[in-house]
Visitor: 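Below you'll find the structure I mean.
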Amino acid sequence: MTAVQERTWTTVCRYTDLLPGRGVAALLPGGEQVAVFRTGDGLHVLSNHDPFSCAAVLSRGIVGDRGGVPVVVSPVYKQAFELATGRCLDDTGVAVATYPVEVWDGYVRVGSP
Amino acid sequence: MTRTLVVIGNGMVGHHLVRTLTERGGDWHVVVLAEEPRPAYDRVALSSYVDGWDADRLSLPPVNVETRLGDKVVEIDRAARKVVTSEGFVQDYDALVLATGSYPFVPPVPGHDRANCFVYRTIEDLDAIRAHGGGNGVVIGGGLLGLEAANALRLMGIRPQVVELAPRLMPLQVDEGGGALLRREILRLGLDVHCGVSVAGVEDDRVVLSDGSELPADIVVFSAGVRPRDDLARRFGLEVGERGGIIVDDGCRTSDESIYAIGECACVGGRVYGLVAPGYAMAEVVADRLLGGDKNFPGADTSTKLKLLGVDVASFGDAHAASPGALEVVHNDPVSGSYKKIVVSDDAQTLLGGVLVGDASAYATLRAFVGRPLPADPGSLIAPAAATNTALPDDAQVCSCHGVTKAAIVTAIGTGCADVPSLKACTKAGTGCGSCVPTLKQLLTSCGVEQSKALCEHFPQSRAELFEIIRATGIRTFSRLVDEHGSGAGCDLCKPAVASILASLNSGHVLEGEQAALQDTNDHFLANLQRNGTYSVVPRIPGGEITPQKLMVIAEVAQDFGLYTKITGGQRIDLFGATVDQLPLIWRRLVDAGFESGHAYGKALRTVKSCVGSTWCRYGVQDSVGLAIELELRYRGLRSPHKLKAGVSGCARECAEARGKDFGVIATELGWNLYVGGNGGFTPRHAELLVSDVDTETLIRTIDRFLMFYVRTADRLQRTAAWIEAMEGGLDHLRDVIVHDSLGIAADLEAAMRAHVRDYADEWRGVLEDPVKLARFSSFVNAPGVPDPTISFREERGQRVPVQLGIPEVMAR
């Protein structure tokens with residue numbers, strides 16, 4: 001018998017509310033804050049928590065690419081985090097959590113990790 | 001056993017001797033006896049004293065030896081080996097050095113000793129000229145010093161005319177062709193020059209010339225050459241040269257073996273040198289001899305390169321083709337304002353010397369080849385855009401100020417110096433007169449060090465190039481720009497840089513459409529991000545002037561939103577601890593009370609700080625607050641490569657600290673002085689004088705041009721100080737462009753600033769009036785109004801401050 005883990009989905013906003021190339025912050029039911037980004041290659045969700053400053057600000061970082069890897073750059077001390085994996089490109093070994101995301105009937109839904 | 005060295009004279013050369021000797025050790029007890037009332041100072045830089053009248057800026061490194069200032073030596077008892085001063089002080093010596101320098105020669109024309117006649121050699125001379133003042137001035141002597149004196153008069157607000165006996169200006173350094181070009185360039189600046197004529201007499205209000213003409217003159221400055229001060233030597237029986245100067249041998253020893261003479265008072269090999277470099281060389285010879293060495297005076301390189309009244313002049317080696325059989329090769333282009341001549345040996349194989357006027361960029365390379373086989377056909381060496389990277393021999397001196405050879409520089413590049421600043425730090429090359437900096441760049445390039453100017457990995461262009469592309473093509477979106485001129489998706493370097501360029505080109509509100517996504521978080525929320533994720537708010541308070549009513553509004557807003565309140569260094573008030581959703585609520589109240597954005601969050605004009613000025617201050621000579629407000633309102637909202645700070649002081653006491661700003665204005669009796677390129681921060685720097693005594697209209701026009709030129713051409717995050725430093729030709733070039741419109745772009749720059757002033761609109765009012773922009777100011781997209789749970793405050797000294805957000809999991813580097 002396999003235990004099926006139920007994934008919780010939280011609807012955060014309409015897809016069209018998102019500005020291309022920019023993030024927004026959203027609050028999950030457990031009190032976790034996430035950063036939702038709309039980029040050319042789709043949607044990405046990372047923890048909003050910046051491990052370097054401890055402030056909840058990653059959603060306010062500039063989105064772009066470094067060497068072709070899509071990243072968000074922390075607005076506090078400017079470390080880059082890979083959007084797809086949460087891996088920090090400036091400090092190997094540091095990463096932030098990523099979350100599943102989908103568009104459902106025009107709305108953006110973020111799943112629990 | 002300690003022996004006693006007495007040095008008579010405390011000029012640059014005497015000081016250099018004492019410094020060299022004390023640095024090398026040795027058991028000499030040194031006594032300096034000086035007629036001058038102040039410690040030795042940099043007389044070569046005397047002209048810069050006019051900029052600020054701060055004698056301390058000319059200081060030389062202090063030396064720790066016994067020094068008697070303001071007491072002249074009147075007697076040398078050679079038999080008893082002692083000297084006596086005018087105050088009766090008696091000092092024995094084992095060795096005596098005469099470093100008495102020279103005095104300005106004043107031709108004995110009738111009236112030469114009138115009260116309006118001055119000379120130009122010491123700080124005291126300049127103070128006296130300034131105290132006398134006047135509307136019209138005449139400088140007698142069109143040599144190097146005369147032209148410097150003319151410029152100093154100009155900076156003091158006096159209109160100078162120059163009279164030179166020789167048929168051309170700077171007869172010692174340049175030849176006829178070079179002198180003609182120099183004269184033309186100087187006439188263009190509005191200075192009158194009279195060559196080939198002498199002075200017949202001086203009266204109270206005019207100078208009469210030998211051809212009978214008269215020049216109006218409230219003030220007359222003689223700079224007709226200098227004469228060695230050899231009177232002591234003459235009186236006490238030392239040999240002097242036919243045309244003056246104390247005769248010394250190659251070891252700088254006079255006819256008395258325990259007495260030396262160095263610098264401008266000495267005559268070595270039959271010559272008296274009026275330059276500091278040979279003086280320093282003599283000082284080093286004597287220091288060596290005093291320590292038991294046998295060094296000889298090596299002869300002197302009298303090469304000169306300087307900028308006079310904005311014109312480059314260089315002369316090196318046998319500039320006048322005095323060597324037998326010497327050939328001259330000349331390139332003279334009066335249209336572009338460039339005269340170049342090289343002197344070669346009769347077989348056209350060896351470079352002997354040359355003269356460059358107008359464009360002296362080839363100086364460093366050519367001077368290094370003097371006495372060596374020519375690296376190329378003589379004509380091609382001075383042809384326009386000559387290939388100056390002609391391979392220098394390894395032992396060629398690239399930096400003559402610090403004696404750094406090409407080999408030393410190449411070695412430094414090999415050990416990792418990858419740019420000019422690191423070469424300067426590592427080798428000292430380029431830190432003297434700076435004329436070899438272009439050669440340093442060439443050497444970096446020829447060693448294969450790439451001098452990348454790329455903005456980032458997405459754009460190979462520099463910021464200035466991108467600015468021109470955006471301006472010329474009319475592209476107004478990042479996506480199109482990166483598609484057509486770059487690659488990739490952009491990053492945190494190029495996106496804000498492009499956003500700033502777009503804003504500088506009046507492309508509407510900074511949060512309009514796609515532009516919003518380019519902005520750094522501060523510009524995105526029009527507030528300053530603080531360490532706990534909250535923001536601070538700074539309303540504009542132009543010139544620091546605020547009514548009690550408006551002050552109360554700020555106080556009420558701070559109280560109602562629980563904001564930590566602090567007065568900034570720029571004379572305004574910073575309100576800390578606002579969350580993103582509070583920002584529009586705060587600004588609604590501020591905008592309603594008549595406040596607007598202070599742009600503390602932007603790379604833009606911040607404040608124009610002012611002192612209280614003539615309205616209240618007993619010492620103020622102009623209305624500094626009024627001008628500061630006018631400037632702040634004119635340039636508010638101007639986006640630039642980095643932040644811009646300004647100041648206006650109402651008098652020379654400078655209470656607004658304007659010279660620590662990107663542009664600073666200081667009131668004078670006649671108008672305003674404008675200083676540019678100052679900053680505080682990591683590397684504090686005083687702003688330098690750009691124009692002086694101008695009226696308000698000229699001042700504003702000049703600042704318009706300066707700021708727009710900076711906005712267009714500086715690199716990303718390059719403050720004005722670094723921008724001017726990196727500019728080829730530095731401040732002089734900047735002045736040419738801004739004041740003399742040498743690039744013909746002044747009208748365009750002014751028009752751009754007019755467009756900025758016309759299109760300015762308060763950014764916060766723009767947000768409050770647009771629901772789309774307003775909607776972005778929410779804490780959570782799915783829970784607007786719910787505060788960020790990580791933010792909390794504690795109280796300190798009666799105000800709210802952030803609670804530390806725990807120990808970061810990783811330390812920021």
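By convention in this document, chain letters (A, B, ...) are assigned in the order of the sequence lines, proteins followed by strands, and residues within each chain are numbered from 1.
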Visitor: Would you compute the distance between atom CZ of B:Phe780 and atom CG of A:Asn48 and round it to the nearest 0.5 angstrom?
Guide: 7.0 Å

Visitor: For a 4.5 angstrom cut-off between non-hydrogen side-chain atoms, does A:Thr10 reach B:Asn782?
Guide: yes

Visitor: Heavy-atom cut-off 4.5 Å, strictly under: side chain, backbone, both or neither for B:Val580 against chain A?
Guide: side chain

Visitor: Just so I know, are the side chains of A:Val76 and B:Leu529 near enough to count as touching, which here means a heavy-atom distance under 4.5 Å?
Guide: yes

Visitor: Does the B:Glu457 side chain pair with the main chain of A:Arg66, one donor and one acceptor, at a distance under 3.5 Å?
Guide: no

Visitor: Which heavy atom of B:Ser779 sits nearest to which heavy atom of A:Ala25, and what is that distance?
Guide: O-CB, 3.5 Å

Visitor: Would you please name every residue forming a ring pair (Phe, Tyr, Trp, His ring centres under 6.0 Å) with A:His44, sequence neighbours left out?
Guide: none

Visitor: Just give me the residue among B:His458, B:Arg776, B:Glu514, B:Arg531 that pairs up with chain A most often, heavy atom to heavy atom, under 4.5 Å.
Guide: B:His458

Visitor: Please rank B:His524, B:Gln519, B:Gln530 by heavy-atom pairs under 4.5 Å with chain A and give me the top one.
Guide: B:His524

Visitor: With a 4.5 angstrom heavy-atom cut-off, is it the side chain or the backbone of A:Pro20 that approaches chain B, or both, or neither?
Guide: backbone

Visitor: May I ask you to name which of B:Thr521, B:Val781, B:Asn522 has the most heavy-atom pairs under 4.5 Å with chain A?
Guide: B:Val781

Visitor: Using heavy-atom distances under 4.5 Å, tell me whether A:Leu19 contacts chain B through its side chain, its backbone, both, or neither.
Guide: side chain

Visitor: With sequence neighbours excluded, tell me which residues meet ring pair (Phe, Tyr, Trp, His ring centres under 6.0 Å) with A:Tyr99.
Guide: none

Visitor: Which donor-acceptor pairs under 3.5 Å do the side chains of residues 101-111 of chain A make with protein atoms, sequence neighbours left out?
Guide:
unit_1   : atom_1 : unit_2   : atom_2 : d
A:Glu102 : OE2    : A:Arg109 : NE     : 3.0
A:Glu102 : OE2    : A:Arg109 : NH2    : 2.5

Visitor: Do A:Cys54 and B:Gln804 touch side chain to side chain, with heavy atoms closer than 4.5 Å?
Guide: no

Visitor: Measure A:Val73 against the heavy atoms of chain B and call it side chain, backbone, both or neither at under 4.5 Å.
Guide: side chain

Visitor: Measuring heavy-atom distances to chain A, does B:Ala775 have an atom under 4.5 Å in its side chain, in its backbone, in both, or in neither?
Guide: neither

Visitor: Could you check if a side-chain atom of B:Pro496 sits within less than 4.5 angstrom of a side-chain atom of A:Ile62, using non-hydrogen atoms only?
Guide: yes

Visitor: In Å and rounded to the nearest 0.5 Å, what is the CG to CG distance from A:Leu27 to B:Asp788?
Guide: 9.0 Å

Visitor: Between B:Thr534, B:Asp492, B:Ile791, B:Thr790, which has the largest tally of heavy atom pairs under 4.5 Å with chain A?
Guide: B:Asp492

Visitor: Name the member of A:Ala55, A:Ala26, A:Gly64 that forms the most heavy-atom pairs with chain B at distances under 4.5 Å.
Guide: A:Ala26

Visitor: With no hydrogens and no angle check, is any side-chain donor or acceptor of A:Arg22 less than 3.5 Å from a backbone partner on B:Ala517?
Guide: yes

Visitor: Quick check: under 4.5 Å, non-hydrogen atoms only, which of residues 481-489 of chain B neighbour chain A?
Guide: B:Gly488, B:Ala489

Visitor: Checking heavy atoms, do the side chain of B:Phe525, its backbone, both or neither come under 4.5 Å from chain A?
Guide: side chain

Visitor: In terms of side-chain geometry, is the basic nitrogen of A:Lys78 or B:Asp520 positioned less than 4.0 Å from the acidic oxygen of its partner?
Guide: yes

Visitor: Given that the side chain runs from C-beta out, which part of B:Ser778 has a heavy atom under 4.5 Å from chain A: side chain, backbone, both or neither?
Guide: neither

